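Step one of this worksheet: look at the structure below.
First the proteins, then the strands, lettered A, B, ... as listed; each starts at 1. Values below: all heavy atoms of this structure, side chains included; hydrogens, waters and symmetry mates excluded. For clarity, every value in this text was computed on a predicted model and none was experimentally measured.
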There are 2 protein chains.
Amino acid sequence: MRATLLHGAGDIRVSTVPDPSLRDPRDALVRVTHACICGSDLWPYRSAPESAEGRRIGHEFLGVVEAVGGEVTRLAPGDRVIAPFMYSDGTCTHCRAGWPTSCIAGGFWGGDDTFGRLVDGGQGEYVRVPLADGTLVPVPEETDPKLDPALLSLSDVMGTGHHAAVSARVRQGGTVAVVGDGAVGLCGVLAARRLGAARIIALSRHDDRWRLAEHFGATDRVDERDPVEAAAQVRDMTAGVGVDSALECVGTRQAFDTAVEIARPGGAIGYVGVPQDLVERRAEIPLRLMFERNLTLSGGLAPARAYLPDLLADVLAGSLDPGPVFDLVLPLAEAADGYRAMAERTAVKVLLTP
Amino acid sequence: MRATLLHGAGDIRVSTVPDPSLRDPRDALVRVTHACICGSDLWPYRSAPESAEGRRIGHEFLGVVEAVGGEVTRLAPGDRVIAPFMYSDGTCTHCRAGWPTSCIAGGFWGGDDTFGRLVDGGQGEYVRVPLADGTLVPVPEETDPKLDPALLSLSDVMGTGHHAAVSARVRQGGTVAVVGDGAVGLCGVLAARRLGAARIIALSRHDDRWRLAEHFGATDRVDERDPVEAAAQVRDMTAGVGVDSALECVGTRQAFDTAVEIARPGGAIGYVGVPQDLVERRAEIPLRLMFERNLTLSGGLAPARAYLPDLLADVLAGSLDPGPVFDLVLPLAEAADGYRAMAERTAVKVLLTP
């Protein structure tokens with residue numbers, strides 16, 4: 001089959017790799033119909049060491065079940081399924097507590113499973129899905145193909161934006177600011193609206209992204225480039241008080257500091273951008289200010305699998321449509337162009353069709 | 001009057017200072033009947049620069065109203081009152097939202113008020129209390145003098161332990177660990193029991209403090225000195241899962257790291273120790289691990305004033321008694337001995353009687 005391989009910084013190729021097959025009775029084999037590129041794929045895309053062999057990449061996909069192992073009971077060939085960005089068994093103590101991203105048997109697409117066997121990346125024609133019953137969520141009805149981008153967004157980006165909003169304790173009538181106007185930030189805006197926020201301030205310097213933020217429910221814009229000045233503007237817009245909920249959807253120190261600066265005393269920061277600017281996995285954060293203001297910091301790897309049923313119901317009901325975050329559709333063969341477009345910010349998020 | 005002054009590291013003296021008087025129509029003048037020394041007083045006690053003049057210190061007191069300004073409506077001379085560890089107006093946007101520690105007009109005992117006028121420290125014979133209606137909580141009935149330590153604890157230490165537990169989202173039936181066996185940690189144990197935790201693991205290396213922790217409701221002890229090994233023991237005690245709620249009641253990097261290490265995925269850390277080990281008000285925290293495990297960090301300066309009515313009701317009802325955290329009672333004149341005893345850990349918490 002054809003699959004995307006990362007060979008080094010800026011070096012993405014679509015190559016022929018071994019066809020996957022069932023290797024465990026809990027596996028499913030899925031033919032990918034829609035995949036995409038994540039903002040988090042850009043971190044290795046920008047920094048990966050050179051590799052002749054390359055490594056699989058991609059962790060968001062929609063597809064059709066082709067075959068299932070003997071222990072799979074909830075899925076059958078022909079089912080259309082959404083894959084969250086990690087696989088998980090759905091039965092361990094962490095899964096049952098609502099944290100499938102900490103599943104004891106789970107893991108990431110494109111890595112090895114607990115038996116050391118390759119798990120395909122999401123940007124390819126087929127994926128062997130471990131722990132299929134726990135991982136995959138079937139789409140329970142025929143849907144208009146126009147809904148496909150929205151369904152695909154539930155793999156990661158919409159669940160992650162939702163996690164930012166939930167972690168930031170967005171409530172009915174609350175005041176929210178979203179730091180980051182990438183696809184996750186835009187989904188954060190949509191999630192905040194869905195949770196009933198009365199005011200949603202988007203920090204957005206790009207006119208096209210601001211238009212999408214507005215479409216998703218943003219009520220106010222701050223387009224200032226300087227982060228200190230941007231924070232000051234948010235504070236001015238909230239009568240000096242700050243926002244109830246700050247969504248940090250980037251992962252950089254600067255975005256983190258901005259979120260801290262704009263949250264009101266007792267407010268919450270929901271952070272979902274993979275933390276950058278680390279030294280030995282540690283970040284320097286303005287803890288003294290957070291302590292004085294009683295800010296809550298919550299978030300992390302979004303439990304997309306746990307959120308999927310609720311968000312899917314809303315997509316199917318027509319009340320939630322994150323689909324417009326995909327502003328460029330390319331065939332899988334042109335994945336390299338997709339990465340370039342996202343890295344250069346000429347596209348918000350790229351959908352790939354194998 | 002006599003009041004405690006800090007003249008430099010290790011140099012505490014009780015001296016004669018000007019008698020306070022009403023200086024604002026919202027002031028009350030309070031005769032202090034009970035004061036105490038806080039773990040947070042030990043930070044300046046250990047590090048303050050030399051000062052011939054000295055600076056006022058102490059922020060916890062119980063007393064009797066002697067006089068009130070013309071705009072004070074909720075208090076009258078003769079009222080017994082509890083002072084939380086900061087003063088606040090009770091009416092600004094932050095007070096109304098439940099965060100009196102962020103009161104726009106509020107501040108700390110021993111500093112200057114918003115008009116630049118000295119506010120007495122709590123360790124003295126009298127205190128001029130700004131914004132008295134918002135700040136002071138009257139004790140509504142005659143009480144047994146045996147309750148005085150419990151009432152005094154509501155100034156700070158019990159409210160702070162409670163804040164750690166609330167911030168760590170302690171719930172009925174939950175599993176909790178408390179890092180720090182000082183007075184705040186011990187109150188954290190008591191607060192966790194009050195909130196219904198089923199299991200409370202105290203990290204305590206001192207037998208006498210462990211006995212108090214057990215009296216307050218701790219169910220399990222870890223007495224290991226090495227923090228990595230202590231964390232490993234907590235994880236072993238929870239079948240490798242970690243605790244739902246970790247209370248960080250120290251403020252050091254080591255205590256913070258321990259709390260992160262022992263929290264289960266999706267768990268919460270309530271931190272109330274004033275953060276130490278900072279560089280330019282920033283701390284290096286293990287953010288990558290927190291992100292992977294979806295840990296929530298919450299806490300800060302406890303809104304003791306906001307918690308006071310509920311905790312006071314329980315003290316008066318006899319269902320809450322933090323009084324035993326005071327294990328040494330000294331006259332105000334011997335405050336220096338009290339500081340020494342707490343710094344050398346021969347006392348958990350010292351009560352001073354002017």
Side-chain angles (χ1 to χ4, degrees), chain A residues 92-104 163 166-169 238-242 244 251 253 256-257 260 264-303 306, chain B residues 92-104 163 166-169 238-242 244 251 253 256-257 260 264-303 306:
Chain A
C92 79
T93 184
H94 301 314
C95 283
R96 280 182 284 118
W99 301 101
T101 43
S102 293
C103 176
I104 291 166
H163 191 47
V166 169
S167 300
R169 302 189 305 218
T238 54
V241 172
D244 303 319
R253 171 171 169 152
F256 193 100
D257 285 1
V260 168
R264 68 179 291 161
I269 298 155
Y271 78 118
V272 292
V274 183
Q276 307 300 314
D277 307 318
L278 303 183
V279 176
E280 290 177 359
R281 292 167 53 84
R282 288 177 173 269
E284 272 186 6
I285 68 164
L287 191 66
R288 179 76 200 204
L289 183 63
M290 294 168 69
F291 181 87
E292 290 166 357
R293 291 194 187 156
N294 269 290
L295 302 183
T296 292
L297 174 67
S298 188
L301 269 176
Chain B
C92 79
T93 184
H94 301 315
C95 283
R96 280 183 283 119
W99 301 101
T101 43
S102 293
C103 176
I104 290 166
H163 191 47
V166 169
S167 300
R169 301 190 305 221
T238 54
V241 171
D244 303 318
R253 172 169 168 154
F256 193 100
D257 284 2
V260 167
R264 69 179 291 161
I269 298 154
Y271 77 119
V272 293
V274 182
Q276 306 299 314
D277 307 319
L278 303 181
V279 177
E280 291 177 358
R281 292 167 55 84
R282 289 176 172 270
E284 271 186 7
I285 69 164
L287 191 65
R288 180 74 200 207
L289 183 63
M290 294 168 68
F291 181 87
E292 289 165 359
R293 291 195 186 155
N294 269 291
L295 302 184
T296 291
L297 175 67
S298 189
L301 268 176

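For the residue pair His94(B) and Pro265(A), the shortest heavy atom distance occurs at CE1-CD, 3.4 Å. The shortest non-hydrogen separation linking Asn294(A) to Leu301(B) is ND2-O, 2.6 Å. Heavy atoms only, all atoms of each residue included: Ala97(B) and Arg264(A) are closest at CB-NH2, 3.6 Å. In terms of heavy atoms, Phe291(A) sits closest to Val274(B) at CZ-CA, 3.8 Å.
Of the atoms belonging to Leu295(B), it is backbone heavy atoms, and not side-chain ones, that fall under 4.5 Å from chain A. Neither the backbone nor the side chain of Val279(B) comes within contact range of chain A; no heavy atoms are under 4.5 Å apart.
A search for side-chain contact (heavy atoms from CB on, under 4.5 Å) contacts involving Leu278(B) returns Arg288(A), Pro275(B), Ala283(B), not counting sequence neighbours. For Arg253(B), the side-chain contact (heavy atoms from CB on, under 4.5 Å) partners are Arg282(A), Asp257(B), Asp277(B), Glu284(B), not counting sequence neighbours.
Between Glu292(B) and Thr101(A) there is no side-chain heavy-atom pair separated by less than 4.5 Å. Residues Leu297(B) and Leu287(A) are in side-chain contact: their nearest non-hydrogen atoms beyond the backbone lie under 4.5 Å apart.
Per-residue heavy-atom pair counts under 4.5 Å with chain A were compared for Thr296(B), Ile285(B), Val272(B), and the maximum is reached by Ile285(B). Among Gly273(B), Pro303(B), Ala239(B), the residue making the largest number of heavy-atom pairs under 4.5 Å with chain A is Gly273(B).
To the nearest 0.5 Å, the span separating CZ on Arg169(A) from OG on Ser298(B) amounts to 6.0 Å.
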